[in-house]
2 protein chains.
Amino acid sequence: MCGHTHCKMKGFLSFLILWMLKNKKMTGSEITDEMEKRKGRRFSPGTIYPVLKKLKDSGLIIDDEEKKYSLTENGEKELNIHIENFFRIFWDLEEMRKHCKCHEHRK
Amino acid sequence: MCGHTHCKMKGFLSFLILWMLKNKKMTGSEITDEMEKRKGRRFSPGTIYPVLKKLKDSGLIIDDEEKKYSLTENGEKELNIHIENFFRIFWDLEEMRKHCKCHEHRK
DNA sequence: TCTCCAATATCGTATTTACGATAACAGTTT
DNA sequence: AAACTGTTATCGTAAATACGATATTGGAGA
């Protein structure tokens, strides 16, 4: 997939994890699977779990006996802030989408 | 602006610069100004100019006598790839926007 | 020409993000 | 209990991204 390009756009993994957990409790491996669908490439465990640990230590997510993670109240607040920022930065997303005629992925 | 949060979401600066240049020739300082509007915070010159240099060295952008940068053909191609990837990763943006009732920033 | 000023550029470093390898752990099956 | 398997977790390191300070450049005006 995605050929060799120059800007790698690192840096929205924890944001996406928060977003995914907003909709559904998930385990680490479920998160890994879902991320793969989005990115096209599989993140290594050495990427996912440290992020989960960081988010947990920061009090943004918690896990239950089954290792299913979900958002805390703070996590929810922080997610909202991030979404706000995100749409301020990318305020012209619609134009961008039109530009490349991006056919809805995954509908 | 944006209070202290945990995930910093670095990593879309060169992407955004390519996108901005798609629409309009710009100088370094114009790019800095525009980025400030998006991010809410001013990037330091030590951030902007190295990125411009990298993009130029990679043949994605060129500058004219007036130091106005614009996309090359390769730059255009690469931008399109990035946009494709972007919308695959964030395929559920609409849901996200609805979720936070993000009032359109900036018209 | 000389001075001033903003824009541009570079340097060294800090921080963040991600990787690969490997280890610990839990549940199943034999 | 022992071996197997997939998930979870940690460690050290590499790469990407951004910062702050500083240097350089190129006019505009005195």
Side-chain angles (χ1 to χ4, degrees), chain A residues 1-2 4-21 25-36 38-58 60-70 78 82 85-86 89, chain B residues 1-2 4-21 25-36 38-58 60-70 78 81-82 85-86 89-90:
Chain A
M1 192 158 286
C2 63
H4 175 69
T5 53
H6 294 87
C7 47
K8 301 297 171 46
M9 293 218 294
K10 289 178 160 194
F12 34 74
L13 182 52
S14 30
F15 173 56
L16 265 181
I17 289 181
L18 289 180
W19 169 245
M20 281 161 30
L21 292 178
K25 280 189 164 193
M26 297 174 101
T27 65
S29 64
E30 287 170 332
I31 290 172
T32 306
D33 293 343
E34 170 68 19
M35 281 302 309
E36 184 177 11
R38 290 177 185 261
K39 279 267 302 180
R41 179 164 181 241
R42 201 164 178 79
F43 277 98
S44 90
T47 297
I48 297 291
Y49 291 101
V51 171
L52 287 174
K53 181 171 165 42
K54 195 194 67 181
L55 293 174
K56 185 179 171 185
D57 290 349
S58 308
L60 303 181
I61 64 178
I62 41 165
D63 53 345
D64 59 18
E65 336 70 54
E66 289 177 290
K67 294 283 174 192
K68 293 229 175 199
Y69 288 93
S70 55
E78 180 131 340
H82 283 311
N85 288 340
F86 184 87
I89 292 171
Chain B
M1 193 159 284
C2 64
H4 176 70
T5 52
H6 294 86
C7 49
K8 300 298 171 47
M9 292 220 294
K10 288 179 161 194
F12 35 75
L13 182 52
S14 30
F15 173 56
L16 265 182
I17 288 181
L18 289 181
W19 169 244
M20 280 161 33
L21 291 179
K25 280 188 164 195
M26 296 174 101
T27 65
S29 64
E30 287 170 332
I31 290 172
T32 306
D33 293 344
E34 170 69 19
M35 281 304 308
E36 184 177 13
R38 290 177 184 261
K39 280 266 300 181
R41 180 168 180 237
R42 199 164 179 80
F43 276 99
S44 92
T47 298
I48 296 292
Y49 291 101
V51 172
L52 288 175
K53 179 172 167 40
K54 196 194 66 181
L55 293 175
K56 184 179 171 185
D57 291 348
S58 308
L60 303 180
I61 63 179
I62 40 165
D63 53 345
D64 59 18
E65 336 70 54
E66 289 177 291
K67 295 282 174 192
K68 293 230 174 198
Y69 289 93
S70 56
E78 180 132 339
I81 294 173
H82 283 312
N85 289 339
F86 185 86
I89 291 171
F90 293 103

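These numbers were taken from a predicted model, which means no experiment stands behind them. Below, read A as the first sequence line, B as the second, and so on, with proteins coming before strands; counting in each chain starts at 1.
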*Under the side-chain contact (heavy atoms from CB on, under 4.5 Å) rule, what do B:E66 and B:K25 come out as? Steps first, then yes or no, please.*
CA-CA 10 Å; B:E66 289 177 291; B:K25 280 188 164 195; over 6 Å; no
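- Side-chain contact between A:F12 and B:I89: present, with at least one pair of heavy atoms (C-beta onward) separated by less than 4.5 Å.
- Here the closest non-hydrogen pair linking B:L21 and B:Y69 is CD2-O, 3.4 Å.
- Look at A:K67 and you'll find a side-chain N or O under 4.0 angstrom from OP1 or OP2 of D:dA9.
- Between C:dA18 and A:R41, no contact under 4.0 Å exists linking OP1 or OP2 to a side-chain N or O.
- Atom-to-atom, CE of A:M35 to P of C:dA18 comes out at 8 Å; the value is rounded to the nearest Å.
- In the set D:dA18, D:dA16, D:dC19, the nucleotide with an atom closest to the side chain of A:K10 is D:dA16.
- Here the P atom of nucleotide C:dA6 and the CD atom of B:E30 are 17 Å apart, to the nearest Å.
- Ring planes of A:F15 and A:H82: perpendicular class, angle over 60° (limits at 30 and 60°).
- Across the protein-nucleic acid pair, A:D63 atom CG and D:dT7 atom C1' stand 13 Å apart, rounded to whole Å.
- Atom CZ of B:F90 sits about 11.0 Å away from atom CH2 of A:W19, to the nearest 0.5 Å.
- Summarising the geometry, the separation between CG on A:L55 and C1' on C:dT16 is reported as 13 Å, rounded to the nearest angstrom.
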N/O donor to acceptor pairs below 3.5 angstrom from side-chain atoms of residues 42-52 of chain B, sequence neighbours left out:
residue : atom : partner : partner atom : Å
B:R42   : NH1  : B:D33   : OD1          : 3.1
B:R42   : NH1  : B:E36   : OE1          : 2.5
B:R42   : NH2  : B:D33   : OD1          : 2.9
B:S44   : OG   : B:G46   : N            : 3.2
B:S44   : OG   : B:T47   : N            : 3.4

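- A sub-4.0 Å separation between OP1 or OP2 of C:dT8 and a side-chain N or O of B:S29 is present.
- Contact check of residues 44-53 of chain B against DNA chain C (heavy atom, cut-off under 4.0 Å) returns B:P45, B:G46, B:Y49, B:P50, B:K53.
- Here D:dT7 presents its C1' atom at 14 Å from CD of A:E66, a figure rounded to the nearest Å.
- Neither OP1 nor OP2 of C:dC19 sits under 4.0 Å from any side-chain N or O of A:R42.
- Between B:T27 and B:E30 the shortest heavy-atom distance is N-OE1, 2.8 Å.
- Note on B:T32: nothing from the nucleic acid sits closer than 4.0 angstrom, heavy atoms only.
- Taking atom NZ on A:K39 and atom C1' on C:dA18, their separation rounds to 9 Å, with Å as the unit.
- Rounded to whole Å, the distance from CG on A:L13 to P on C:dA18 is 5 Å.
- The CD atom of A:E65 sits 15 Å away from the P atom of C:dA26 (whole-angstrom rounding).
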